[in-house]
Amino acid sequence: MRAMAEVSVDERHEYYLLYQGCIEHLKAQYSPSSLTCEVTEELSDIRRLSNLPLPFGILVNLLADRYPRPDSSRIPSEGLSVTSNRSSVIDFILAGALAAAKTVPCHITCALKDLEEVVPESDLYQAFFLDVISFLWRCECYRRTSVTEWSPMPWSRASLQELSASRPIPELPQYETPILGQDDLTDEDKPIVRIGQFLLGCPGDIPWFEAQHDGYPFCSALSSYTKIRQHGFMHSLHDDAALWVSAMTFGLLEAFMRARIPEELLLDDDDTRSILSGTRILRFIIHWTDHMINQLHCPEEDPRHLEHGREVARLLHRALGALDEEIWQNASIFCRAGVPPSEATDMVCAVALTVAPLCVAALLVWYMLPEIGHLIKELNDTTRNFYAAVLGSSEQRMRRAGWCPNFISHGFMSALGGITIASNVVRLPPYFRKDPDEHRNCVESACVLYTITDTEAYVPQHVDPSCRCDHIMPPFDDVVRLLSEWVVPAVVYDGTRLHVRPADDNTYVAMSHIAALVRQIMPDSDGAFWMDSLCVPDMKDSRQRAIKLMANTYRDAAKVLVVDACIRSQCSLAKSWEENLLRIATSGWVRRVWTLQEGMLARELYFEFADAPLDVEEELGLKSSTRARGNGPSTPAHDSFQSLSTRQMCRSHVPLLAQRAHDLARSESGHTYTLENVVRLLKLRTTSKAEDEIIAISGLLPSLDVGRLLAITGPDAAALRMKDFLLQLRGVPRLLVVLRSPRLDLPGFRWAPSSFAQATEGVSSRYGVAVCTEDGLVGRFLLAAFEQPVVATTENDRPPGYNFYYIRLTHPASDSTYVLTVYVDTVIPFDALLFLSDLSSNIAAGWGCAAVRWTRAGHTPAEKEGTPLKLPFAPNATIPLIV
């Protein structure tokens, strides 16, 4: 080792100054006696590279750029140049690293210290430096060649495929690339901006890392964008992160639009640093999309137009892959640069909210291309890293703003219909009844304000908080008398007292929770109304009669009025319908189990807005209007829906309204629904009493004996009512078996969900029906048996807070390996998996599977296909991927 070649270099060269800076740092931090294997390995941890002085990161980059494949048996194809030129220092370090790999079993430092002769300190620190830098270089090379696939950086596998390393200057495109200016920003006051925010999403401001965007040729690919900006330059770890941001914003926008975008058009300053303005980015995308659709008039079959769309699909496919990689810390260029993981995730999420609008804009322009359809599926794939990160980041921002954790749970955010909608929701300020800190005791599973555990202590609320009117009640005996005759009672206020009369068909208004001004929506009536707090007595017999009549109560009402404090205070005709629907989606009314049937069974559904009670379906154009609009100015609803699909907004914001619109379009009468409809609309709703869930939805399903369900009482009422509910249905979707949901703990019914509101998936009958019997569920499934039983781990064997664990399964016949995720409800062994169909179809459809006990049930592997089996249910599970 002492015979290593020496080289004479100009000490003013920047490479030499970097090298000398590293040596000086090591001398200052470590004494010669402390240079041990342990210290070397500690410094060689690639995760700590960002903690070392700047020269270390730059040298690691230079080494990896010069020689990206550290194979000790090879040297760079152009050879090593140990002369006085600029790259000599880098080659000198490479020569030392490669020689060390051939001759030293451990570290060069250790080999020198083991020599009998005295080694000069300068040689010792050079060896120490070589040990550290060579290991960091090898780790960096591994990261670049094996971990990084989709990154826009020039060393990723996608970049190497797109662009030859020897040609940093991109070819000139075969199309014009105009320079965009202020005229290409859509005016903020135009209605199309509001429409664009809903359709495309709301990009947030992105911290700018001060990369150099201007001054380079136009690049049609991310690889050429980064390659040309790094060619011939030293770059630090921070420089790499800055270039990533520039490529995923300016580079992506320019390649997408085939135009030049100067820095000054998008960059702005906040209080502390430069930012990329999310508002300006959106205005650019809206202007471009409008131009492509309404002004360019390019024929759909034009080959150049279609090829542009295919290039955009490839570009955005790569961008989504790059976002996925950045969430993984081992591949993250931000974590590599020393950015804290939480900040790195926020940065990736901010960039994702720029990529997402581009994907939607591509769909609007090239909807005819299958490649764009695949791209949208990628964007909305809830299993993607970036998707979960954006929702998680949005939840955290909303929690910090004071939103209730129950309202913004991951289930709610993921049900919104994509990250574009989430980007709109996160901008809404939270609604508070009284105190900004009123949700401090709420949890994801329940909001304390809407969970009334002590009904006797509950005090009815005034519509107006400043109201001081007396609390009056109708004659209790009159309510009970009508219920005893199976007649729905209605209440009339004469100005001083409440009177009770029969609720004749179509002559009263039904509402829940609190009273409102009925005559505003039925000016020609006597003001009769039905309200649960007045017309559902506490007496057991009368209460059960009222509940049995509740479905008919809502069906027969002329109108149903929704009175909710959030909707009343936050919704108004002066606001956009995008915001109004988002406010309804985040209100307490859509989160309660009992309000589902009033929303679904109503003939006409009114919401109390700040202006007045309003028929939202009429305003949105979901049904034919009975009110002449005249020739006056159009309403905000009609303005914002000129270019917008109303049903799409209802599906993403308030699915209940979308279901009603579907029923109205088909002119369906009777308002009976399937279990699939009900479970989908019940998702994320809660009730103070678990046993009420089944009662509250029974009126929506045909041929159910609600009285039989009400007769089930006691501490196990919730579980026993679910069992009886399924027995009454008899035919239930096979998907219930693989539904990810808490399960009943009843013999023969451990396959059944304990709650539909907590289900994370749908229960479509499209994949077959099984028969529910007293002994359990009878159906046809695919059984995969294990060679030996698996014992579910105890809680102590799992990471804290986890209710699942992983098992690796091998299938020798197909030479395949699977990862099984087992959701642990009870700790019991299982020795087989139950699938809806063959394994490949099961995985492709995203279904789960059920873990069952087979041999313990008395069965043997010799039994033939189609043999009836009685299988005790174990934990439900999923096989999400093939390794």
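Closest heavy-atom contact between Glu263 and Ala211: OE2-O, 3.9 Å. Among all heavy-atom pairs drawn from Gly201 and Asn424, the shortest one is CA-ND2, 3.9 Å. Counting all heavy atoms, side chain and backbone alike, Glu578 lies closest to Ile195 at OE2-CA, 4.2 Å. Looking at every heavy atom in both residues, Ala352 comes nearest to Ile419 through O-CD1, 4.4 Å. The nearest pair of heavy atoms linking Cys335 to Ser50 is O-OG, 4.3 Å. The two atoms that bring His235 and Phe233 nearest to each other are CD2-O, 3.5 Å, heavy atoms only.
Note on Glu307 versus Arg258: no salt bridge recorded, every NZ/NE/NH1/NH2 to OD/OE distance being 4.0 Å or above. Salt-bridge annotation for Glu676 and Arg680: absent, with no side-chain N of the basic residue lying under 4.0 Å from a carboxylate O of the acidic one. Of the charged side-chain nitrogens involved, at least one lies within less than 4.0 Å of a carboxylate oxygen, so that Arg280 and Asp268 count as a salt-bridged pair.
Among residue pairs with one or both ends in residues 195-214, none qualify as salt bridge (Lys or Arg N to Asp or Glu O under 4.0 Å); sequence neighbours excluded.
To the nearest 0.5 Å, atoms OG (Ser246) and CG (Leu252) are separated by 11.0 Å. The distance from atom CG of Leu428 to atom CD1 of Ile408, rounded to the nearest 0.5 Å, is 12.0 Å. For the atom pair Asp290 CG and Lys190 NZ, the distance stands at 7.5 Å (nearest 0.5 Å). Note that CG of Leu363 is 12.5 Å distant from CG of Leu358, once rounded to the nearest 0.5 Å. Once rounded to the nearest 0.5 Å, the distance linking CD1 of Ile285 with OG1 of Thr186 reads 10.5 Å. For the atom pair CG of Leu316 and CG of Leu379, the computed distance is 9.5 Å after rounding to the nearest 0.5 Å.
Between the side chain of Ser274 and the backbone N or O of Trp208, no donor-acceptor pair lies under 3.5 Å. In this structure, the side chain of Trp137 does not engage the main chain of Pro68 through any donor-acceptor pair within 3.5 Å. With Glu371 contributing its side chain and Arg314 its backbone, the two residues share no donor-acceptor pair below 3.5 Å. Panel note: side chain Ser159, backbone Trp155; no donor-acceptor pair is recorded below 3.5 Å. A donor-acceptor pair under 3.5 Å is absent between the side-chain atoms of Asp324 and the main chain of Arg384, judged by distance alone. The backbone N or O of Thr145 lies less than 3.5 Å from a partner atom in the side chain of Arg157, making a donor-acceptor pair. In this structure, Ser146 contributes its side chain and Arg143 its backbone to no donor-acceptor pair below 3.5 Å. At least one donor-acceptor pair under 3.5 Å links the side chain of Asp184 to the backbone N or O of Gly181. Ser393 places no side-chain N or O within 3.5 Å of a backbone atom of Ala389 that could act as its donor or acceptor partner.
Exactly one residue among Leu353, Ile286, Thr420 makes a side chain to side chain contact (heavy atoms under 4.5 Å, CB included) with Leu200. That residue is Ile286.
Looking at heavy atoms from C-beta onward, Ser236 lies out of side-chain contact with Asn61 at the 4.5 angstrom threshold. Taking the side chain as every heavy atom from C-beta outward, Ser151 and Arg318 never approach each other to under 4.5 Å. Residues Pro217 and Ile228 are in side-chain contact: their nearest non-hydrogen atoms beyond the backbone lie under 4.5 Å apart. The side-chain heavy atoms of Arg397 and Trp403, taken from C-beta on, include no pair separated by under 4.5 Å. You'll find the side chain of Pro154 reaches within 4.5 Å of the side chain of Gln230, heavy atoms only. With a 4.5 Å cut-off on side-chain heavy atoms, Leu266 and Phe284 count as touching. Between Met153 and Arg144 there is no side-chain heavy-atom pair separated by less than 4.5 Å. Considering only heavy atoms from C-beta on, Ile281 stays 4.5 Å or farther from Ser277 through its side chain.
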Exercise. Apply side chain to side chain contact (heavy atoms under 4.5 Å, CB included) to Trp328 and Val147, showing your working.
Key: CA-CA 10 Å; Trp328 187 30; Val147 178; 3.3 Å; yes
Quiz prompt | Pair Phe334-Glu326, side chain to side chain contact (heavy atoms under 4.5 Å, CB included): steps then yes or no | solution = CA-CA 8 Å; Phe334 294 105; Glu326 276 303 307; 3.2 Å; yes
Self-check item: ring-ring contact (aromatic ring centres under 6.0 Å, His included) evaluation trace for Phe256 with Trp288
Solution: CA-CA 10 Å; Phe256 180 90; Trp288 179 88; 4.6 Å; yes
Quiz prompt | Audit row: Glu254, Arg260, side chain to side chain contact (heavy atoms under 4.5 Å, CB included) steps and yes/no | solution = CA-CA 6 Å; Glu254 287 192 343; Arg260 301 297 310 276; 3.5 Å; yes
Practice problem: Determine, stepwise, if the pair Leu581 / Leu657 fulfils side chain to side chain contact (heavy atoms under 4.5 Å, CB included). | Solution: CA-CA 10 Å; Leu581 285 176; Leu657 291 179; 3.9 Å; yes
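A search for side chain to side chain contact (heavy atoms under 4.5 Å, CB included) contacts involving Gln182 returns Leu185, Leu265, not counting sequence neighbours. With sequence neighbours excluded, the residues satisfying side chain to side chain contact (heavy atoms under 4.5 Å, CB included) with Gln396 are Arg400.
Remark: Asp269 CG is packed, more than 12 non-hydrogen atoms of other residues, nucleotides or ligands lying under 6.0 Å away. Atom CZ of Arg304 is surrounded by 12 or fewer heavy atoms from other residues, nucleotides or ligands within 6.0 Å.
Using the six-membered ring where Trp is involved, His305 and Trp366 have ring planes that are tilted, between 30° and 60° apart. Note: His213 and Phe250 have parallel aromatic rings, judged against thresholds of 30 and 60 degrees for the angle between ring planes.
A donor atom on one side chain and an acceptor atom on the other are not found under 3.5 Å apart for Tyr225 and Ser220.
Checked against a 6.0 Å centroid threshold, the rings of Trp244 and Phe209 do not count as neighbours.
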